[in-house]
Amino acid sequence: MGHWIYLIVPICLYLMFFVVPIVWTFWLSLHSWNGISRDMKWVGGGNFMTLFLQPRFHHAVVNNIAWLIFYLLAPSGLGLLLAVILDRGIRFEGFFRIVFFLPFTVPAVAVAAIWRWMYEPTNGLITTVLNTVGLGGWAQNWLGDPNIVTFSLMGSVLWWTTGFAFLVFFAGLRNIPVECIEAAQIEGATPWQIFWRVTFPLLWPSTIIVLGLAAIDAMRVFDIIWATTMGGPAYASEVMATQMYEIAFGRLEMGRASAIAVYLLVIAGVLIMPYITYMSRRVADSEDS
Amino acid sequence: MTRTPILPYIIAIFMVVLFMAPLVVAAMTSLKSPSELTQVLHLPTELYFENYVRAWQQMGRTFINSLLITGPAVLFSILVGTMAAYPLAYMRGRGGKLVYFLLLTGMLVPFQIVQIPLFLIIRWLGLYDTIPGMWLVHTAYAVPFCTFFMRNFFATVPQSMYEAALIDGCSKFGFLWRLLIPASTAGLSALAIIQSRYIWNDLLFAITLTNSDQARPATAAIAGFASGLQVEYGPLMAATLISVVPVMLAFLLFQKAFVRGLLGGAGK
């Protein structure tokens, strides 16, 4: 007996919970259906066409792209900065490490509740601090203004997810042999050169993990938006996932919602597939060598 | 490092203030009476535990549900991931690579895509609004990531160990249970922590697949009373902090193992 029989359970789960529902979603997206009644009306590509022409849907797609750019740059950049600072032999390193990582352990709904209180327009911490230091004019209706609500949400996500990027980079830095850095120092390289020419390239395995998971998270972003604003005000902070939820379970338009899901899958596929291919090949390479 | 520049400390301490402020404010708010609530920067004049009592009355049951969901679901998902990763790490040939690639593809699926059929499947199985239903769903959707993680971790265990064990007459099953799993405790505990966080913190599956206190986890309950019209921040902050405790505690207790597991799995 081969050990491949261990694959039976995972593959069955995969078929039942990934393959079947995805095919089913495609099927639903070609219909008009309220989720309850017996008759599903075939509409072909109608749902896709409606969405394609709809400003509300465009807005959600643009927001998703903004989240992708944010996720790739902000938590990763800040996490790298913090990791580099701690790696240079700072005292109380253990304490700093715990503090930077702590927010990552908080559930999305808790992040939402805490930051709704932080952003509260009259008594919230941010407005209070701005008033105290005499910058009260900068205070905004952080979550109520359609023009800034997405940026406010990004602020809370930055607080929430930086810790993970930080910890992966920190672990990666610890894996770099000291000799590499010392050799560069002897050659007379400046710290700036050492970082970009030696440390950063050697950190590539960590970078690829952080960026890949960030892209996946950006496509999945749902919990934090739903729990903070439910996509509001007036759909301003909607992404595809929250719009889909609202259309499916709020308006009971399962066909239209499934079409959003298909768009989301296609966009995620185009963006993330190269990464998956790279990852599965990388493991194969390391085996052969 | 002999010289200690001051700039890293300034940045680090500044970041500590930014990172801790929301948690400190939430903790302070949770201990204030309603009349003091608007004084954000002031310490509570007396500790007002009434908020915690009221929060527990509203979410206590769901907190227990969260524990009942997360514990077994973490175990099952790690078990299934390990079972999938083992043959994929040691199987030669195209078949193994293809299966691995297909499983990894599951990682790019935003879970909202399967939401509607999943709701119908779970209802059809009779598992709607039940705790075992949540175990099943969390285990199934963890397959790609857990397989990926353990497969990567197993790749750090030398191939020669596998070959030597088989020559010594160890069966392929014996190798997994007696040698590979004991040699992978760092990876397994790191994965356990990651999975606990995912499952404990989940909101999407919770609001799709549960609708009563019978199975509803704490996250769904908090989302429920946070979105009410009249938000009472005192009890809400108390409930929030209660929901934060288990995962935070797990990370603090096992953070050494977590960092070691990340080094083994991701640092390769």
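Chain naming here is simple, since letters A, B, ... match the order of the sequence lines and numbering starts at 1 in each. Treat the numbers as computed from the prediction; the structure is a model and nothing was measured.
Summarising the geometry of B:I113 relative to A:L264, their closest heavy-atom pair is CD1-C, 4.3 Å, with the distance given to 0.1 Å. The shortest heavy-atom contact between A:F18 and B:A140 is CE1-O, 3.5 Å. The shortest non-hydrogen separation linking B:P117 to A:P21 is CG-O, 3.3 Å. Across every non-hydrogen atom of B:L203 and A:D223, the tightest pair is N-OD2, 3.4 Å. Contact detail for A:F100 and B:F19: the closest heavy-atom pair is O-CE2, 3.4 Å. Closest approach of A:I114 to B:A26, counting heavy atoms only: CG1-CB, 4.0 Å.
To the nearest 0.5 Å, atoms CE (B:M107) and CD1 (A:I276) are separated by 4.5 Å. Between the CH2 atom in A:W24 and the CD1 atom in B:I121 there is a gap of 5.5 Å [rounded to 0.5 Å]. Taking OH of B:Y233 as the start and CZ of A:R116 as the end, the distance is 5.0 Å to the nearest 0.5 Å. Separating the CZ atom in A:F96 from the OH atom in B:Y9 is a distance of 7.5 Å, to the nearest 0.5 Å. Taking CE from B:M15 and CD1 from A:I85, the interatomic distance works out to 8.5 Å, rounded to the nearest 0.5 Å. Note that the CZ atom of B:F101 and the OG1 atom of A:T277 stand 4.5 Å from one another [nearest 0.5 Å].
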| query | Checking side chain to side chain contact (heavy atoms under 4.5 Å, CB included) for the pair A:L28/B:I116: CA distance, chi angles, key distance, verdict? | reply | CA-CA 9 Å; A:L28 286 175; B:I116 298 166; 3.8 Å; yes
| task | Take B:L88 and A:L7, measure what side chain to side chain contact (heavy atoms under 4.5 Å, CB included) needs, and give me the verdict at the end. | result | CA-CA 9 Å; B:L88 293 175; A:L7 282 170; 4.0 Å; yes
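Residues A:V106 and B:N201 fail the side-chain proximity criterion, which asks for heavy atoms closer than 4.5 Å. Contact check for B:L125 versus A:M16: side-chain heavy atoms found under the 4.5 Å cut-off. A:W117 has its side chain within reach of B:V25: a pair of non-hydrogen atoms, C-beta onward, lies under 4.5 Å apart. Between A:F17 and B:I122, the closest side-chain pair of non-hydrogen atoms falls below 4.5 Å.
Between the side chain of B:Q112 and the backbone N or O of A:R220, at least one donor-acceptor pair lies under 3.5 Å. A donor-acceptor pair under 3.5 Å is formed between the side chain of B:R197 and the backbone N or O of A:F104.
Counting heavy atoms of neighbouring residues, nucleotides and ligands inside a 6.0 Å radius, atom CZ of B:F254 does not exceed 12 of them.
Counting heavy-atom pairs closer than 4.5 Å to chain A, the top residue among B:L102, B:L7, B:V245, B:L241 is B:L102. Top candidate by heavy-atom pairs under 4.5 Å with chain A, chosen from B:L120, B:I11, B:D202, B:I13, is B:L120. Contact count versus chain B (heavy atoms, under 4.5 Å) is highest, among A:T242, A:T162, A:V99, for A:V99. Top candidate by heavy-atom pairs under 4.5 Å with chain A, chosen from B:T82, B:I193, B:L18, B:V247, is B:V247. With chain A as the partner, the residue from B:T105, B:L118, B:V99 showing the most heavy-atom pairs under 4.5 Å is B:T105. Note: A:L167 leads A:D217, A:L167, A:V9, A:T229 in heavy-atom pairs under 4.5 Å with chain B. Chain A forms more heavy-atom pairs under 4.5 Å with one residue of B:P246, B:S196, B:S171, B:P144 than with any other, namely B:P144. For the set B:T139, B:V137, B:V143, B:I207, the entry with the most heavy-atom pairs within less than 4.5 Å of chain A is B:I207.
Contacts of A:M118 with chain B are made by side-chain atoms alone, with heavy-atom separations under 4.5 Å and no backbone atom involved. Proximity to chain A is limited to the side chain of B:M237, based on heavy atoms less than 4.5 angstrom apart.
Checked against the 6.0 Å centroid criterion, the rings of A:F222 and B:F111 do not qualify as a close aromatic pair.
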